[in-house]
Colleague: 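Quick one: the structure is below, and I'll ask about it shortly.
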Amino acid sequence: MKSNVVYFQDLRNVGISTTDIRGALDCCLKKLSRGVYSVIRRCNVSSHQRFSVFATDIAWLEQHEAGLTREPDQARRYEEHLKRLQIIHYPHFRPDDIVCGVSAARLHRIGMFNEPDQPVSVFHPAASTRTSELVRRRRTIAAEDICTVAGLRVTTPVRTALDLRSELGNAAGFAAMEQVLRRRMLGDDEDLIFRLGYPPTLLGDVPQMQIDLFLEPIIRLAKGKKVASKLARLASPLSESYAESRAAFNLHLLGLSDFAQQIEILDGGRLLTRLDFLLREDQVALYVDGSQKYVDGGFDLMNKESRQHNRLLAMGYKVVRFKFNEVQSPKQFGEKLFHQAPELRGRCRNRLVL
């Protein structure tokens, strides 16, 4: 993660003045945090040319020079990358600091949505301080819940997911737990997972992996153990996106936990589609559309899904499709689901109570 990061003192050491630094901001220099910058362009302004000695990541320069960071399909990923840079290159960490919470989730690339744009968050065994760039909370963390990312001490992915539950709420924590479980069982190469498919023994291995992965970290929590344990027992490696995890969480809240995920539907011996969720007893199929789906797929994807939808109806399925924003609200999710499939109301058993 080079990204041409340079510190204020490095710039001063080669004779670049404070005035030159201020003049280069948003031209060829981007401020990441106080005293930390990134060289983002090759500049023709004579007073800015000395920044080029720090511009060793050519791909980073080309990305900015081509305007790719402003493209709709890349803007969010770019912002996430900048936030990771701000954490990794924060210049005033103390030796006992442990990056935690939302900051740790960013380093582990755990998907979140509408997470707060907050200062770097760390735990420290003896100190508690707050600045505009860092919040340090006094807390002792077991060595088993600490790992290293980019040279920093960070809460492990499991502990981070558990902390997100208390920071961002149960739904966000559940989504994080599912991502951690999926990566542990299947790896993080989603293209490879798609090509190879899911192992036939996967679901049988889930209960033991839930125990192996979450049990001891939950026991070490100071509070929230009961809720975290409930969510851990429901987490699945089959949710393929943050949105699908939120949909699964909603189904558990409604008491519709008897659902299957990633179900392949054959038509005449050929694969017609793969359903995100299937409620088998009532033949109700659910799709969850990610926020970027149609931007990437365009009209061809929309036409293909229209044909699949019509064929599923002819085969006796009822199809309910949810947009990304609809899975963020359990109330809105339930209203739409029961409006289109009212027969499911009688199936609601053992609602998840947190």
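What you are looking at is a predicted structure, and each value in this text was computed from that prediction instead of being measured.
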Colleague: Between Trp60 and Val36, is there shared hydrophobic-cluster membership here, with clusters defined by ILVMFWY side-chain heavy atoms closer than 4.5 Å?
Modeller: yes
Colleague: Near Arg351 CZ, under 6.0 Å, is it more than 12 heavy atoms from other residues, nucleotides or ligands?
Modeller: yes
Colleague: Check for me whether the distance between the ring centres of Phe93 and His124 falls short of 6.0 Å.
Modeller: no
Colleague: Which heavy atom in Ile58 sits nearest to a heavy atom in Ala55, and how many Å separate them?
Modeller: CD1-O, 3.9 Å
Colleague: Taking atom types as modelled, find out whether His92 and Thr131 have a side-chain donor-acceptor pair closer than 3.5 angstrom.
Modeller: no
Colleague: Does some side-chain heavy atom of Arg76 sit less than 4.5 Å from a side-chain heavy atom of Glu79?
Modeller: no
Colleague: Go through Val6 and Phe51 one step at a time and tell me if the side chain to side chain contact (heavy atoms under 4.5 Å, CB included) criterion holds.
Modeller: CA-CA 9 Å; Val6 59; Phe51 294 113; 5.9 Å; no
Colleague: Tell me yes or no: between the side chains of Gln261 and Ser239, is some donor less than 3.5 Å from an acceptor?
Modeller: yes
Colleague: Quick check: does any side chain N or O of Arg12 sit under 3.5 Å from a backbone N or O of Ile16, one acting as donor and the other as acceptor?
Modeller: yes
Colleague: Test of understanding: with ring-ring contact (aromatic ring centres under 6.0 Å, His included), list the residues that count as partners of Phe214, not counting sequence neighbours.
Modeller: none
Colleague: Between Leu234 and Phe249, is the side chain to side chain contact (heavy atoms under 4.5 Å, CB included) condition met? List the steps.
Modeller: CA-CA 9 Å; Leu234 296 174; Phe249 180 77; over 6 Å; no
Colleague: Please determine whether a side-chain nitrogen of the Lys or Arg among Arg50 and Asp20 lies less than 4.0 Å from a carboxylate oxygen of the Asp or Glu.
Modeller: yes
Colleague: Does Leu181 share a hydrophobic cluster with Leu352, counting links as ILVMFWY side-chain heavy atoms below 4.5 Å and allowing steps through other members?
Modeller: yes
Colleague: Let me see the working for Glu167 and Gln118 under side chain to side chain contact (heavy atoms under 4.5 Å, CB included), right down to the final yes or no.
Modeller: CA-CA 12 Å; Glu167 288 193 26; Gln118 60 186 29; 4.1 Å; yes
Colleague: Gln332 and side chain to side chain contact (heavy atoms under 4.5 Å, CB included): which partner among Asn325, Leu337, Val327?
Modeller: Asn325
Colleague: Check the angle between the aromatic planes of Phe259 and His252 and answer parallel, tilted or perpendicular using the 30° and 60° thresholds.
Modeller: tilted
Colleague: Just by distance, do the side chain of Asp276 and the backbone of Gln262 share a donor-acceptor pair under 3.5 Å?
Modeller: no
Colleague: Would you kindly confirm whether Val99 and Met112 end up in one hydrophobic cluster when ILVMFWY residues are joined by side chain heavy atoms under 4.5 Å apart?
Modeller: no
Colleague: I'd like to know if the side chain of Glu115 and the backbone of Val102 have a donor-acceptor N/O pair within less than 3.5 Å.
Modeller: no
Colleague: Within the side chain of Lys225, is there an N or O that forms a donor-acceptor pair under 3.5 Å with the backbone of Ile219?
Modeller: yes
Colleague: Parallel, tilted or perpendicular: which fits the ring planes of Phe322 and Phe333, with parallel below 30° and perpendicular above 60°?
Modeller: parallel
Colleague: Could you tell me which residues satisfy salt bridge (charged side-chain N to carboxylate O under 4.0 Å, His left out) with Glu190, sequence neighbours excluded, listed by chain and number?
Modeller: Arg182
Colleague: Run Gln283 and Glu343 through side-chain hydrogen bond (donor to acceptor under 3.5 Å, both in side chains) and show every step you take.
Modeller: CA-CA 11 Å; Gln283 291 291 85; Glu343 63 273 23; over 6 Å; no
Colleague: Look only at the side chain of Asn4 and the backbone of Asp57, and say whether a donor-acceptor pair between them is shorter than 3.5 Å.
Modeller: yes
Colleague: What's the spacing between Ile146 CD1 and Ile98 CD1 if we round to 0.5 Å?
Modeller: 3.5 Å
Colleague: Rounded at 0.5 Å granularity, tell me how far CZ in Arg34 sits from CD in Gln86.
Modeller: 13.5 Å
Colleague: Taking atom CG as the centre, does Asn350 end up with more than 12 heavy-atom neighbours from other residues, nucleotides or ligands that are less than 6.0 angstrom away?
Modeller: no
Colleague: Would Arg246 and Gln328 count as having a side-chain donor-acceptor pair, cut-off 3.5 Å?
Modeller: yes
Colleague: Would you name the heavy atoms of Leu286 and Val284 that are closest together and state the gap between them?
Modeller: CD2-CG1, 3.8 Å
Colleague: Measure the shortest side-chain to side-chain distance between Pro237 and Leu202 over non-hydrogen atoms and say whether it is less than 4.5 angstrom.
Modeller: yes
Colleague: Quick check: is Tyr90 connected to Leu29 through a chain of hydrophobic side chains (ILVMFWY, heavy atoms under 4.5 Å apart)?
Modeller: no
Colleague: Indicate whether the side chain of Ser121 and that of Arg137 have a donor and an acceptor atom separated by less than 3.5 Å.
Modeller: yes
Colleague: Please determine if Arg159 and Asp163 form a salt bridge, counting it only when a charged side-chain N lies under 4.0 Å from a carboxylate O.
Modeller: yes
Colleague: Looking only at side-chain N and O atoms, does Ser245 offer a donor or acceptor that is under 3.5 Å from a partner on Glu178?
Modeller: yes
Colleague: How long is the straight-line distance from CE of Met185 back to OG of Ser236, given to the nearest 0.5 Å?
Modeller: 9.0 Å
Colleague: Under a 4.0 Å threshold between the charged nitrogen and the carboxylate oxygen, would Asp97 count as salt-bridged to Arg136?
Modeller: yes
Colleague: Should the heavy atoms of other residues, nucleotides or ligands under 6.0 Å from NZ of Lys230 be counted, would the total exceed 12?
Modeller: yes
Colleague: Could you pull out the closest heavy-atom pair between Ala243 and Val288, with the gap in Å?
Modeller: CB-CG1, 3.6 Å
Colleague: Measuring from atom CD of Gln49 to atom CG of Asn44, what distance do you get when rounded to the nearest 0.5 angstrom?
Modeller: 6.5 Å
Colleague: With rounding to the nearest 0.5 angstrom, report the CG to CG distance, Leu312 to Asp267.
Modeller: 8.5 Å
Colleague: For Ala228 and Leu162, work out which heavy atoms get closest and say how close.
Modeller: CB-CD2, 4.0 Å
Colleague: Can you measure from CD1 (Ile21) to CG (Leu11) and round to the nearest 0.5 angstrom?
Modeller: 4.5 Å
Colleague: Do Asp289 and Arg321 meet the salt-bridge criterion of a basic N to acidic O distance under 4.0 Å?
Modeller: yes
Colleague: So do Cys147 and His108 actually touch side chain to side chain, heavy atoms under 4.5 Å?
Modeller: yes
Colleague: Under 6.0 Å between ring centres: does that hold for Phe54 and Tyr37?
Modeller: no
Colleague: Are any of the side-chain heavy atoms of Leu82 and Ser3 separated by less than 4.5 Å?
Modeller: no
Colleague: Judged by atom type as modelled, is there a donor-acceptor pair below 3.5 Å linking the side chain of Tyr242 to the main-chain atoms of Gln179?
Modeller: no
Colleague: For Tyr198 and Arg274, which heavy atoms make the closest approach, and how far apart are they?
Modeller: CE1-NH1, 3.7 Å
Colleague: Please check if the side chain of Gln63 supplies one atom and the backbone of Thr69 the other of a donor-acceptor pair under 3.5 Å.
Modeller: no
Colleague: So, does Glu65 use its side chain to make a donor-acceptor pair with the main chain of Arg41 at under 3.5 Å?
Modeller: no
Colleague: Are Val180 and Val149 linked, directly or through other ILVMFWY residues, by side chains that come within less than 4.5 angstrom of each other?
Modeller: no
Colleague: Quickly, which of Glu281, Arg280, Arg349 forms a side chain to side chain contact (heavy atoms under 4.5 Å, CB included) with Asp258? Name it, please.
Modeller: Glu281
Colleague: With a 4.5 Å cut-off on side-chain heavy atoms, are Pro199 and Leu186 touching?
Modeller: yes
Colleague: Could you report the tightest heavy-atom contact between Glu264 and Leu271, atom names first, then the distance?
Modeller: CB-CD1, 3.7 Å
Colleague: Salt bridge check: are Glu335 and Lys331 linked by an N-O gap of less than 4.0 Å?
Modeller: yes
